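I'd like to ask you about the structure that follows.
This structure is a prediction, so every number in the text was calculated from the model and none was measured.
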Amino acid sequence: MLLKTKQVSDELGVNPTTVQRWVKYFELSCEKNEKGHFLFTNDTLEELKSIKNALRKGYSMEKIKGGIIEKSSPIKVISQESFEQKLDRFTVRLEQLERQLEEKANEVITVQVLQHRSELDELVKKVTSLEEKLIELEDHTSIQEAVGQSSGKVKRPWIMSLFSF
């Protein structure tokens with residue numbers, strides 16, 4: 001039985017122009033009537049269905065034309081038991097990856113904490129050194145004041161003595 005373009009487009013759920021475009025693009029063998037309209041066999045209809053399914057799955061027309069997509073293959077049905085086994089393996093693997101990720105994160109944090117610790121130690125050393133220098137300066141200043149008071153003179157800074165004239 002031969003089908004017209006409109007019948008095929010209704011069967012596929014696409015526009016008749018789309019059917020014509022697919023026939024030309026994929027170079028499908030179709031008969032034509034005396035008016036030049038396409039006539040489709042059931043085999044051609046099946047080819048068009050497989051093309052539509054491949055396009056729906058996201059394959060490009062170039063890949064389909066290149067023969068990468070074969071006629072629609074039957075859907076593989078797996079048993080519930082097989083599915084549960086695969087799901088269990090997937091879950092175990094996912095848990096392993098989560099543990100590895102957590103361990104790696106802990107390692108990174110440990111390295112960062114150690115680095116911050118060494119930076120803090122350096123800062124503590126600098127602050128301690130500054131405190132020691134400040135104490136030395138205070139001691140030196142208090143000694144100078146004591147020397148100045150014992151001599152009875154108030155030591156003026158040299159700039160002040162300059163303005164006293």
Side-chain angles (χ1 to χ4, degrees), residues 9-28 46-165:
S9 71
D10 289 343
E11 178 78 23
L12 295 173
V14 298
N15 192 298
T17 308
T18 302
V19 172
Q20 293 170 352
R21 189 169 11 110
W22 288 352
V23 168
K24 290 176 185 172
Y25 184 83
F26 294 107
E27 301 170 357
L28 300 177
E46 290 303 314
E47 284 183 71
L48 288 167
K49 284 181 181 179
S50 67
I51 289 169
K52 180 183 176 191
N53 288 335
L55 289 170
R56 188 177 277 167
K57 290 178 183 177
Y59 292 103
S60 68
M61 290 177 64
E62 291 82 20
K63 286 186 178 181
I64 297 169
K65 186 175 183 177
I68 293 174
I69 310 304
E70 296 180 14
K71 291 190 177 185
S72 58
S73 57
I75 298 172
K76 185 179 178 182
V77 179
I78 60 172
S79 68
Q80 180 72 20
E81 183 179 315
S82 173
F83 175 76
E84 287 176 0
Q85 288 174 349
K86 288 181 180 183
L87 183 61
D88 288 342
R89 285 194 307 261
F90 175 76
T91 305
V92 167
R93 181 67 180 136
L94 183 61
E95 288 171 356
Q96 288 173 345
L97 289 172
E98 285 176 343
R99 277 194 304 274
Q100 289 174 346
L101 181 62
E102 189 174 329
E103 288 171 6
K104 191 67 171 174
N106 287 338
E107 289 174 10
V108 168
I109 289 172
T110 301
V111 167
Q112 288 177 340
V113 167
L114 290 173
Q115 183 178 1
H116 291 309
R117 177 64 192 203
S118 68
E119 291 170 0
L120 284 173
D121 288 343
E122 287 179 32
L123 287 173
V124 167
K125 286 178 185 177
K126 287 181 181 181
V127 168
T128 304
S129 173
L130 286 172
E131 285 177 341
E132 290 171 357
K133 288 181 181 180
L134 184 61
I135 290 171
E136 284 178 20
L137 284 173
E138 287 174 347
D139 290 344
H140 185 68
T141 305
S142 63
I143 291 172
Q144 282 184 346
E145 287 175 358
V147 168
Q149 287 177 355
S150 65
S151 65
K153 289 186 187 177
V154 176
K155 272 195 151 184
R156 293 184 190 170
W158 65 273
I159 193 97
M160 291 301 286
S161 61
L162 187 64
F163 289 114
S164 64
F165 291 109

*Check: Lys125 main-chain N/O paired with Ser129 side-chain donor or acceptor under 3.5 Å*: no
_Nearest 0.5 angstrom please: Gln96 CD to Leu101 CG, how far?_
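Those atoms lie 13.5 Å apart.
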*For the residue pair Phe26 and Met61, what are the closest heavy atoms and their distance?*
CE2-O, 3.6 Å
*Nearest atoms (heavy-atom pairs only) where Asn15 meets Ser9*: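 Looking at all heavy atoms of both residues, the closest pair is C-CB, 3.9 Å.
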_Counting C-beta onward and ignoring hydrogens, is there a side-chain heavy-atom pair between Glu107 and Lys104 closer than 4.5 Å?_
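Of all side-chain heavy-atom pairs linking Lys104 with Glu107, at least one is under 4.5 Å.
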*asked:* Would you say CD of Gln100 has more than 12 non-hydrogen atoms from neighbouring residues, nucleotides or ligands within 6.0 angstrom?
replied: yes
*Can you measure from CD (Glu102) to CZ (Arg99) and round to the nearest 0.5 angstrom?*
9.5 Å
*Gap between atom CD of Glu27 and atom OH of Tyr25 - 0.5 Å precision*: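 Interatomic distance, Tyr25 OH to Glu27 CD, rounded to 0.5 Å: 9.5 Å.
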*Show your working on side chain to side chain contact (heavy atoms under 4.5 Å, CB included) between Glu81 and Gln85 and close with a plain yes or no.*
CA-CA 6 Å; Glu81 183 179 315; Gln85 288 174 349; 3.7 Å; yes
*With rounding to the nearest 0.5 Å, note down the distance linking CG in Leu12 to OG1 in Thr18.*
9.5 Å
*If you measure from CD on Glu131 to CD on Glu138, what distance do you get to the nearest 0.5 Å?*
10.5 Å
*How long is the span from the CD atom in Glu84 to the OG1 atom in Thr91, to the nearest 0.5 Å?*
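Here the rounded value is 11.0 Å.
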